[in-house]
Amino acid sequence: MGIEKPIVVSLTRHGADLARGLGMEWHARTGSFDGAKPHVEFADTPAHLRAIFAMGRPLIGICSVGILVRALSGQLADKWAEPPVIAVADDGSAVIPVLGGHRGGNHLARQIADILGVAPAITTASDLRLGVSLDAPPPPFMLADAESVRGVMARLNDGVGVRLVSDLPENLKPISDAWCDWLSSLKNKESDAGEIILRLTLHPQNPTPNHLTYHPKIACLGVGASRGCPPDEMRALVESLLRDHALSPHIITGIYSVDVKADEIALHELGAHLDRPPRFYPAPRLEAETPRVAEPSSVVFKEIGTHSVAEASALAAAGADACILAPKRKSHHATAALAISPIGKNLGAESTARGRLMLIGIGPGKAAWRTPEASAMAREADELVGYGLYLDLLGADKPRKDFALGEEETRARYALEEAAQGKNIALICSGDAGVYAMGALVFELLDRPENAGGVSASARRVEVQTTPGISAHHAAAAKSGALLGHDFCTISLSDLLTPWAEIETRITAAAQGDFVIAFYNPVSRRRRQGLAKAKAILLAHRPATTPVILASNLGRKEEAVRFRTLASLEVDEVDMLTLVLVGASSSRHLQVGMEDKAYTPRGYANKGDTKKGRDA
């Protein structure tokens with residue numbers, strides 16, 4: 001069984017040496033390795049193991065079984081959806097599939113054991129007594145009814161005989177032969193009178209206690225749609241195509257269409273329904289399939305540059321030896337066709353997924369302040385894009401494209417156009433990507449017409465995902481107490497993109513409204529007067545003793561949090577890496593043990609005991 005991208009986790013120096021030799025993505029506990037660095041370092045072992053498991057990635061822990069069990073026990077819920085987990089002894093003497101043995105774990109354990117020259121500790125009864133895992137057939141096969149396999153394997157373990165049946169057409173004999181080769185390891189005796197039937201078929205079957213059905217995933221579904229096609233219509237069209245040809249949806253290995261439909265909602269909802277993310281071909285590639293297409297259309301060619309979408313996409317994905325299994329069918333807004341491959345390999349070659357741009361805020365810099373979702377997205381990326389310092393702080397071993405300060409628009413445009421090539425691109429920002437970062441610029445480029453400085457049509461079809469991050473004002477407030485405990489706002493003092501007159505209007509409004517204010521970009525080498533002007537405006541509306549927090553390099557080695565008052569704030573002690581938090585007139589400074597703290601009360605003291613315990 002093929003499984004994708006396992007992650008090897010080591011906790012010791014011996015384990016690190018072992019991990020390098022496995023040739024897989026490697027994560028190591030900080031300080032537990034010498035020499036070449038791992039792809040990812042971590043400090044909290046249980047949390048990191050849980051994060052990998054939650055991602056659905058096969059997990060190989062070079063550690064005791066107990067460590068894996070204790071870390072993951074609270075995460076276990078659905079054995080059919082959870083990834084394999086393998087424990088490998090620190091000295092390489094044992095390889096144990098802990099979870100997911102029948103979903104690739106046993107296969108992966110055998111691979112690792114072969115590398116290490118040891119025997120895997122396979123414990124699943126069906127492997128030991130039957131010789132194969134009937135619920136884990138090799139590609140391109142899949143078991144139609146996973147729930148029924150338990151009872152069947154229990155009976156086979158008791159020695160009940162089997163019958164092997166295939167009703168695949170003659171041109172798919174190589175597929176049928178490969179299936180029989182796999183089952184040749186079955187220890188139960190095959191006979192025409194066997195009570196258990198193992199069937200290979202393209203057709204749907206009603207589940208029975210004595211029957212396991214296997215479908216080869218070798219059919220490529222091509223679909224086309226007019227803009228705004230109703231999702232229900234496309235789904236109904238595909239279901240009728242399958243029903244009228246007596247075909248199981250399980251034989252579909254992928255959904256394919258032309259790239260100009262990469263953002264068609266109906267297509268993606270169909271993909272979600274069939275659990276087959278759609279993939280795409282450019283029109284010239286589909287036009288090359290025209291000689292094999294039964295119903296070429298000059299209307300379609302005039303509109304998008306290919307004489308066919310549904311049939312051409314299906315044939316392109318199924319390969320040169322493919323044939324149409326279900327000819328094109330159309331509804332008012334959609335078309336669909338199925339092609340089948342006689343070999344079941346390299347299906348969907350040359351197709352691309354819908355591109356994805358991930359806007360990732362990594363927080364102020366400290367790895368522990370980074371959300372698991374942000375880390376997971378960064379690991380999924382084909383390329384990291386961003387200001388060099390932010391990419392360094394992320395510390396991921398990935399292809400990267402560095403940009404300097406001042407190249408923000410070029411950076412965002414590059415990320416969008418690369419995503420348009422079908423890639424997963426991560427645009428890395430400090431703090432939160434939507435707060436004084438790249439998020440707004442990305443959407444601005446998507447909003448502009450292409451001839452007015454926007455991006456290409458293909459870039460406007462990419463999927464954009466944003467994960468929240470910890471902004472500097474959150475970190476500064478947390479480090480200094482709770483200054484954002486009541487109404488607050490953020491204002492950038494940079495006049496590079498906003499005229500100073502507008503900035504001054506906002507400062508005045510915030511001062512009159514008595515908001516706590518977080519000042520971003522307070523100074524630069526050439527901008528020294530803005531903060532002084534802001535201080536003067538605020539002094540006209542709130543006490544000179546108002547608490548002020550100067551927070552620099554938050555989450556980094558050079559971190560500094562200093563307490564001042566509005567009157568004592570000096571521009572010269574603020575630099576480009578400092579966030580300035582100015583309290584409201586009600587904000588307070590106090591000593592808590594040995595530490596200075598500042599907070600802004602919400603007025604609970606005025607409410608009496610009737611509001612005790614209420615937090616909103």
Side-chain angles (χ1 to χ4, degrees), residues 3-10 16 19-20 22-30 33 35-43 47-49 51-60 83 277 352-405 407-408 410-433 437-439 442 459 462-469 555-556:
I3 54 179
E4 56 177 302
K5 296 183 179 179
I7 294 177
V8 181
V9 177
S10 66
R20 290 189 189 96
L22 295 179
M24 302 175 185
E25 182 176 337
W26 167 39
H27 298 190
R29 186 172 57 81
T30 300
F33 57 89
K37 291 186 176 181
H39 296 86
V40 175
E41 293 183 42
F42 60 88
H48 195 71
L49 293 173
I52 294 172
F53 189 75
M55 289 168 58
R57 298 279 294 275
L59 170 59
I60 303 166
T352 58
R354 181 190 184 193
R356 180 168 57 144
L357 175 58
M358 298 173 286
L359 293 166
I360 300 176
I362 62 171
K366 190 175 182 179
W369 292 352
R370 194 177 308 145
T371 68
E373 183 179 57
S375 297
M377 281 187 172
R379 285 193 288 267
E380 292 169 10
D382 299 316
E383 183 178 18
L384 307 175
V385 177
Y387 174 46
L389 172 62
Y390 303 155
L391 299 185
D392 291 341
L393 288 172
L394 182 61
D397 183 16
K398 289 269 186 180
R400 55 186 274 179
K401 178 71 172 179
D402 292 39
F403 288 86
L405 288 175
E407 295 181 322
E408 286 77 16
T410 304
R411 192 188 314 168
R413 189 183 304 278
Y414 173 87
L416 282 164
E417 296 295 351
E418 286 298 299
Q421 306 303 312
K423 301 177 184 178
N424 282 337
I425 301 296
L427 184 55
I428 305 301
C429 311
S430 67
D432 184 295
M438 300 297 295
V442 164
V462 305
E463 179 185 8
V464 180
Q465 293 182 335
T466 305
T467 180
R556 305 170 196 171

Closest approach of [X] to [Y] (non-hydrogen atoms, all atoms of both residues):
X: Ser10; Y: Trp26; answer: OG-NE1, 2.8 Å
X: Arg411; Y: Ala404; answer: NH2-O, 3.3 Å
X: Pro6; Y: Ile60; answer: CB-CD1, 3.9 Å
X: Thr466; Y: Ala433; answer: CG2-CB, 4.4 Å

Donor on one side chain, acceptor on other, His48 and His27, under 3.5 Å: yes
Go through the structure and list residues passing side chain to side chain donor-acceptor pair (under 3.5 Å) with [X], not counting sequence neighbours.
X: Glu380; result: Arg356
X: Gln421; result: none
X: Thr467; result: Glu373
X: Arg400; result: Asp392, Asp402

Pair Leu357-Glu463, side-chain contact (heavy atoms from CB on, under 4.5 Å): steps then yes or no: CA-CA 6 Å; Leu357 175 58; Glu463 179 185 8; over 6 Å; no
Within a strict 4.5 Å, meaning less than it, do heavy atoms of the [X] and [Y] side chains meet?
X: His39; Y: Ile7; answer: no
X: Ile360; Y: Leu427; answer: no
X: Phe33; Y: Glu41; answer: yes
X: Ser375; Y: Arg370; answer: yes

What distance separates [X] [atom1] from [Y] [atom2], expressed to the nearest 0.5 Å?
X: Cys429; Y: Ile362; atom1: SG; atom2: CD1; answer: 8.5 Å
X: Lys401; Y: Ile428; atom1: NZ; atom2: CD1; answer: 15.5 Å
X: Arg413; Y: Phe403; atom1: CZ; atom2: CZ; answer: 11.0 Å

Trace of the salt bridge (charged side-chain N to carboxylate O under 4.0 Å, His left out) decision for Arg379 with Glu25: CA-CA 10 Å; Arg379 285 193 288 267; Glu25 182 176 337; 5.1 Å; no
side-chain contact (heavy atoms from CB on, under 4.5 Å) assessment of Arg556 paired with Leu393: CA-CA 9 Å; Arg556 305 170 196 171; Leu393 288 172; 3.8 Å; yes
Inter- and intrachain pairs under ring pair (Phe, Tyr, Trp, His ring centres under 6.0 Å), touching residues 355-383, at least two apart: none
List, one per line, each side-chain donor-acceptor pair under 3.5 Å for residues 381-391, sequence neighbours excluded.
residue : atom : partner : partner atom : Å
Asp382  : OD2  : Asn424  : N            : 2.7
Glu383  : OE1  : Tyr414  : OH           : 3.3
Glu383  : OE2  : Tyr414  : OH           : 2.9

Sidechain-backbone polar pair: Ser430 side chain, Pro364 backbone, donor-acceptor under 3.5 Å: no
